[in-house]
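Working notes, structure below.
Each chain gets a letter, A, B and so on, in the order its sequence line appears, and its residues count up from 1.
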Amino acid sequence: DTGVSQDPRHKITKRGQNVTFRCDPISEHNRLYWYRQTLGQGPEFLTYFQNEAQLEKSRLLSDRFSAERPKGSFSTLEIQRTEQGDSAMYLCASTPTGGKLFFGSGTQLSVL
Amino acid sequence: ILNVEQSPQSLHVQEGDSTNFTCSFPSSNFYALHWYRWETAKSPEALFVMTLNGDEKKKGRISATLNTKEGYSYLYIKGSQPEDSATYLCAFPTDSWGKLQFGAGTQVVVTP
């Protein structure tokens, strides 16, 4: 399968812990996006990369969130000192040109 | 803030019936309009990317129309089947890099 893969699929953590998610995009795709989706809402933009450069980070994101894409391949999203409000589905997507997005299955985060 | 609105929020359809629902978006600075289908426990999947006013796209029993002047798109499902049950998301690029603003989605449930 050469689609976008995300790991883990599910993560349960206690409030205050740090968590890290990984996304492996389709190999020839230059652009990589992170979105967050909560119940009843559409996916909300978090950040995106063109190769290894992080182009924009949502103003809605606190400093507890950080993302990297070393060497322009896989990406990681880290949340430090998790809060219950961070509970959501975290989606990664990639695209070669900025057209249609190819999504992973997401990481469902539950903060207890 | 550019808003994408979808209605209705949810829809129950009998198998074999046809249905349609709406996405409205800002008509200024239009780049494109995306439709995605998101089935439970799967990845969101692109259905259509539409760029031209009056454009009409079709994929099997699903079709979409676009009116960029008035800022709306319709998605139609003809002869609904249980496998059409999903959340249908529309999205609007807010910049030339393809960063998408999503609507909250229309959840479609097709009952046999």
Legend entry - For the student: nearest non-hydrogen atoms of A:Gly40 and B:Ala104, plus distance: O-CB, 3.7 Å

Inset, instruction - Measure across B:Pro44 and A:Gly104 and return the closest heavy-atom pair with its distance rounded to 0.1 Å. - result: CD-O, 3.9 Å

Counting only heavy atoms from other residues, nucleotides and ligands, does the tally under 6.0 Å from [atom1] of [X] exceed 12?
{"X": "A:Glu78", "atom1": "CD", "answer": "yes"}
{"X": "A:Arg15", "atom1": "CZ", "answer": "no"}
{"X": "A:Lys57", "atom1": "NZ", "answer": "yes"}
{"X": "A:Leu112", "atom1": "CG", "answer": "yes"}
{"X": "A:Gln80", "atom1": "CD", "answer": "yes"}

Inset, instruction - Compute the centroid of each ring, for A:Phe45 and then for B:Phe102, and state whether the two points are separated by less than 6.0 Å. - result: no

Would you say that [X] contacts [Y] through its side chain, given a criterion of any heavy-atom pair below 4.5 Å between the two side chains?
{"X": "B:Trp38", "Y": "A:Gln37", "answer": "yes"}
{"X": "B:Asp95", "Y": "A:Glu56", "answer": "yes"}
{"X": "B:Leu89", "Y": "A:Pro43", "answer": "yes"}

Legend entry - Value rounded to 0.5 Å, distance of NZ in A:Lys100 from CD in B:Glu45: 8.0 Å

Legend entry - Inter-residue atom distance A:Leu55.CG - B:Lys99.NZ, 0.5 Å rounding: 10.5 Å

ILVMFWY cluster, [X] and [Y] together (side-chain gap under 4.5 Å):
{"X": "A:Phe74", "Y": "A:Phe102", "value": "no"}
{"X": "B:Phe92", "Y": "B:Val49", "value": "no"}
{"X": "B:Tyr31", "Y": "B:Phe25", "value": "no"}

Legend entry - ILVMFWY cluster membership beyond B:Tyr72 - transitive side-chain contacts under 4.5 angstrom: B:Tyr74, B:Tyr76

Heavy-atom proximity to chain B below 4.5 Å, by part of [X]:
{"X": "A:Gln50", "answer": "side chain"}
{"X": "A:Tyr35", "answer": "side chain"}
{"X": "A:Gln6", "answer": "neither"}

Legend entry - Heavy-atom contact with chain A under 4.5 Å, split by part of B:Tyr36: side chain

Inset, instruction - Check step by step if side-chain contact (heavy atoms from CB on, under 4.5 Å) holds for A:Tyr33 and B:Leu100. - result: CA-CA 10 Å; A:Tyr33 302 80; B:Leu100 295 181; over 6 Å; no

